[in-house]
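As the structure lists them, so they are numbered: ligands from 1, and atoms in each ligand from 1.
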Amino acid sequence: MTDRVAERQMQFLYTLRSRGVTDARTLTAMEKIDRGVFIRGLFAERAYEDTPLPINCGQTISQPSIVGLMTQALEVQPRDKVLEVGTGSGYQAAVLSQLARRVYTIERHPRLVREAREIFTALDLTNITTIAGDGSHGLPDQAPFDRILVTAAAEDPPGPLLAQLKINGIMVLPVGQSDNVQSLIRVRRTETGLEYDELRPVRFVPLIEGLAQD
Ligand code: SAH
């Protein structure tokens, strides 16, 4: 590692910690996965800033500290089967792949699916399965899941996703109207029902039904 890369890496991790990402496993995963690989073109040089950035198909790669906070709130265990809705750039799925047994990630834009798959192959992240489809219905074939992470905002937690969560499972997702401030919430399925926790205000692109044309 060159001095410049080491310095950049230290600054990146320092910023994550100062914004509340304190879980050691999450920080190690984010240290291993280079965000720069997931951003193409003009914005690549800003990959290590704590800011969301545009990706293809009019979507965004989330802010690193939000990726970290969502990941640690999910409390992923090494044997877990995780579902992510909204692959986008693939960055969040790659971070999860370091913590879970298997990650299924669904994206409605086929182009983003193709691009993310290429990166996962190049990085040899063999425990990620990337699917083109509408994630608001979850992934019935592979359900139930230990953990579900949604990276696009719905007004309410989608029923099919709640139904695909195991007992003791955790789902983290933004809810609220897309143009307003949304809330990041954590839902835990217990033996007797669902427990909700509100974590913080966030702003995500909307969860949209149906497969996109591109
Ligand atoms: N996790 C991503 C952030 C992506 S932004 C990352 O790490 O880069 C949210 C993504 O959710 C967008 O790419 C958008 O196309 C996708 N999305 C929105 N609604 C969806 C749906 N119903 N099913 C699957 N993906 C969806």
Side-chain angles (χ1 to χ4, degrees), residues 16 21 26 29-30 33-41 43-44 46-71 73-74 76 82-100 103-120 123 125 128-140 142 145 147-162 164 171-179 182 184 202-214:
L16 291 175
V21 185
T26 300
M30 293 183 75
I33 301 296
D34 180 359
R35 187 171 185 249
V37 174
F38 296 85
I39 301 169
R40 293 161 197 251
F43 289 98
R46 300 186 57 193
Y48 307 99
E49 293 176 24
D50 192 27
T51 181
L53 291 169
I55 58 172
N56 286 331
C57 305
Q59 304 304 314
T60 52
I61 178 172
S62 312
Q63 187 176 345
S65 58
I66 296 292
V67 170
L69 291 169
M70 290 175 87
T71 304
L74 207 58
V76 181
V82 179
L83 173 66
E84 182 200 24
V85 176
T87 312
S89 67
Y91 177 59
Q92 172 77 75
V95 170
L96 291 170
S97 77
Q98 303 300 296
L99 301 168
V103 178
Y104 293 89
T105 180
I106 312 186
E107 168 58 54
R108 65 185 292 275
H109 284 284
R111 175 174 179 186
L112 295 178
V113 169
R114 279 197 306 276
E115 292 175 350
R117 271 192 195 134
E118 276 171 22
I119 300 175
F120 299 151
L123 297 181
L125 301 177
I128 307 179
T129 305
T130 316
I131 300 128
D134 178 356
S136 55
H137 303 298
L139 194 58
Q142 298 298 336
F145 296 95
R147 300 289 186 261
I148 299 178
L149 184 61
V150 186
T151 64
E155 280 192 33
D156 297 298
L161 295 181
L162 290 172
Q164 290 172 29
M171 170 154 77
V172 171
L173 76 164
V175 289
Q177 263 140 20
S178 58
D179 291 337
Q182 307 141 2
L184 188 65
V202 283
R203 194 168 184 161
F204 276 84
V205 299
L207 188 73
I208 298 173
E209 292 207 10
L211 192 64
Q213 293 300 312
D214 61 340

Is it true that [X] lies under 4.0 Å from ligand 1, counting heavy atoms only?
| X | answer |
| --- | --- |
| Thr87 | yes |
| Gly133 | yes |
| Ala93 | no |

What heavy-atom pair brings [X] and [Y] nearest, and what distance separates the two atoms?
| X | Y | result |
| --- | --- | --- |
| Glu107 | Gly88 | OE1-N, 2.9 Å |
| Pro110 | Asp214 | CD-O, 2.7 Å |
| Gln182 | Pro174 | OE1-CB, 4.0 Å |
| Ile148 | Leu74 | O-CD1, 3.5 Å |
| Ile106 | Gly138 | CD1-O, 3.5 Å |
| Gly133 | Leu211 | N-CD1, 3.5 Å |

Checking the N or O distance criterion of under 3.5 Å, is ligand 1 in contact with [X]?
| X | answer |
| --- | --- |
| Gln92 | yes |
| Gly135 | yes |
| Gly86 | yes |
| Ser62 | no |

Ligand 1 versus [X], non-hydrogen atoms closer than 4.0 Å: side chain, backbone, both, neither?
| X | answer |
| --- | --- |
| Arg108 | both |
| Glu107 | both |
| Leu112 | side chain |
| Pro206 | backbone |

Exercise. Charged N to carboxylate O under 4.0 angstrom, Arg111 versus Glu115?
Worked result: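 Result for this pair is yes, salt bridge flagged.
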Top protein contact for [atom], by heavy-atom distance:
| atom | answer |
| --- | --- |
| atom 4 (C) of ligand 1 | Thr60 O, 3.3 Å |
| atom 19 (N) of ligand 1 | Ile208 N, 2.9 Å |
| atom 9 (C) of ligand 1 | Thr151 O, 3.3 Å |
| atom 14 (C) of ligand 1 | Gln59 OE1, 3.3 Å |

Within-4.5 Å side-chain heavy-atom neighbours: [X] and [Y]:
| X | Y | value |
| --- | --- | --- |
| Ile55 | Arg40 | no |
| Val85 | Ser136 | no |
| Leu173 | Phe204 | no |

Close-contact set for ligand 1 against [X] heavy atoms, below 4.0 Å:
| X | result |
| --- | --- |
| Ile106 | 24 (C), 25 (N) |
| Val205 | 5 (S), 9 (C) |
| Ser89 | 6 (C), 7 (O), 8 (O) |
| Ile61 | 8 (O) |
| Asp134 | 21 (C), 22 (N), 23 (N) |

For this session: Report the relative orientation of the aromatic rings in Phe145 and Tyr104; use parallel for angles under 30°, tilted for 30 to 60°, perpendicular for over 60°.
Result: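 Perpendicular: the ring planes of Phe145 and Tyr104 meet at over 60°.
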Exercise. With a 3.5 Å cut-off and no angle check, do the side chains of Thr71 and Gln92 form a donor-acceptor pair?
Worked result: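 Checked: Thr71/Gln92 side chains pair up, N/O donor to acceptor below 3.5 Å.
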